[in-house]
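For clarity, every value in this text was computed on a predicted model and none was experimentally measured.
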Amino acid sequence: QVQLVESEGGLVQTGGSLRLSCAHSGRAFNSNAMGWFRQAPGKEREFVAYINWIGKATEYGDSVNGRFTISRDNAKNTVYLQMDRLKPEDTAVYYCAASIKGNIRGVGTFASPLEYDAWGQGTQVTVSS
């Protein structure tokens with residue numbers, strides 16, 4: 001059973017930066033594609049970022065593209081989300097997710113929560129205006 005544990009989020013000011021990490025407990029991390037999603041109160045879960053098993057392919061949601069960066073360290077079983085130029089609308093609970101697939105192929109499929117098999121507990125990020 002894979003366990004994903006996100007780092008603590010926090011409160012940051014508009015324009016600030018924050019880095020989230022997600023530790024993967026399983027031995028299959030090196031073969032898992034990983035994703036970050038977020039959910040604000042009253043809204044559906046939103047795709048944030050995707051990275052394939054080796055870190056050579058990344059994708060981003062439109063609202064974060066150019067501000068957020070996903071990366072991974074397979075030696076540490078950890079995936080990261082660097083968030084820069086944060087905005088109040090980035091306020092949400094952020095979740096990391098793991099897929100049994102190394103690559104999630106197909107237009108837009110990496111953005112679907114249904115492609116992911118394990119989820120972290122979520123961490124709150126609040127951006128003050």
Please tell me whether [X] and [Y] are part of a single hydrophobic cluster in this structure, the criterion being side-chain heavy atoms less than 4.5 Å apart.
X: Y116; Y: Y60; value: no
X: L20; Y: V79; value: yes
X: V125; Y: L4; value: yes
X: V93; Y: M83; value: no

**Item:** Distance-only donor-acceptor check, side chains Q13 and S129, under 3.5 Å
**Value:**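 No - no donor-acceptor pair under 3.5 Å links their side chains.
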**Prompt:** Is there a donor in the side chain of R67 and an acceptor in the side chain of S17, or the other way round, less than 3.5 Å apart?
**Reply:**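 On atom types as modelled, these side chains do not qualify, holding no pair under 3.5 Å.
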Separation between [atom1] of [X] and [atom2] of [Y], rounded to the nearest 0.5 Å:
X: I104; Y: I51; atom1: CD1; atom2: CD1; value: 12.0 Å
X: S112; Y: R45; atom1: OG; atom2: CZ; value: 11.5 Å
X: N74; Y: I54; atom1: CG; atom2: CD1; value: 8.0 Å
X: R72; Y: K56; atom1: CZ; atom2: NZ; value: 12.5 Å
X: C22; Y: Q121; atom1: SG; atom2: CD; value: 8.0 Å
X: E59; Y: I70; atom1: CD; atom2: CD1; value: 10.5 Å

**Request:** Would you please test K101 and D117 for salt bridge (charged side-chain N to carboxylate O under 4.0 Å, His left out) and show each step?
**Result:** CA-CA 9 Å; K101 300 176 183 177; D117 306 286; over 6 Å; no
**Asked** Name the one of V12, T126, V64 that satisfies side-chain contact (heavy atoms from CB on, under 4.5 Å) with L86?
**Response**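 Of the listed residues V12, T126, V64, the side-chain contact (heavy atoms from CB on, under 4.5 Å) partner of L86 is V12.
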**Result of checking W119, Y94, F110 against F37 for ring pair (Phe, Tyr, Trp, His ring centres under 6.0 Å)** = W119
**Prompt:** Are Y95 and E6 side-chain neighbours, meaning at least one heavy-atom pair lies under 4.5 Å?
**Reply:** yes
**Request:** Count the heavy atoms belonging to other residues, nucleotides or ligands that lie under 6.0 Å from CD of Q124, then report whether that count exceeds 12.
**Result:** yes
**Prompt:** Crowded around I100 CD1? As in, over 12 foreign heavy atoms under 6.0 Å?
**Reply:** no
**Asked** side-chain hydrogen bond (donor to acceptor under 3.5 Å, both in side chains) with S63: which of E89, K87, E46?
**Response** E46
**Message:** With side-chain hydrogen bond (donor to acceptor under 3.5 Å, both in side chains) as the test, pick out the partner of R38 among T123, D90, T91.
**Reply:**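 Looking at T123, D90, T91, the match for R38 under the side-chain hydrogen bond (donor to acceptor under 3.5 Å, both in side chains) is D90.
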With a 3.5 Å distance limit and no angle check, can you tell me whether [X] reaches the backbone of [Y] through a side-chain donor-acceptor pair?
X: N103; Y: R105; answer: no
X: T14; Y: S128; answer: yes
X: D84; Y: F68; answer: no

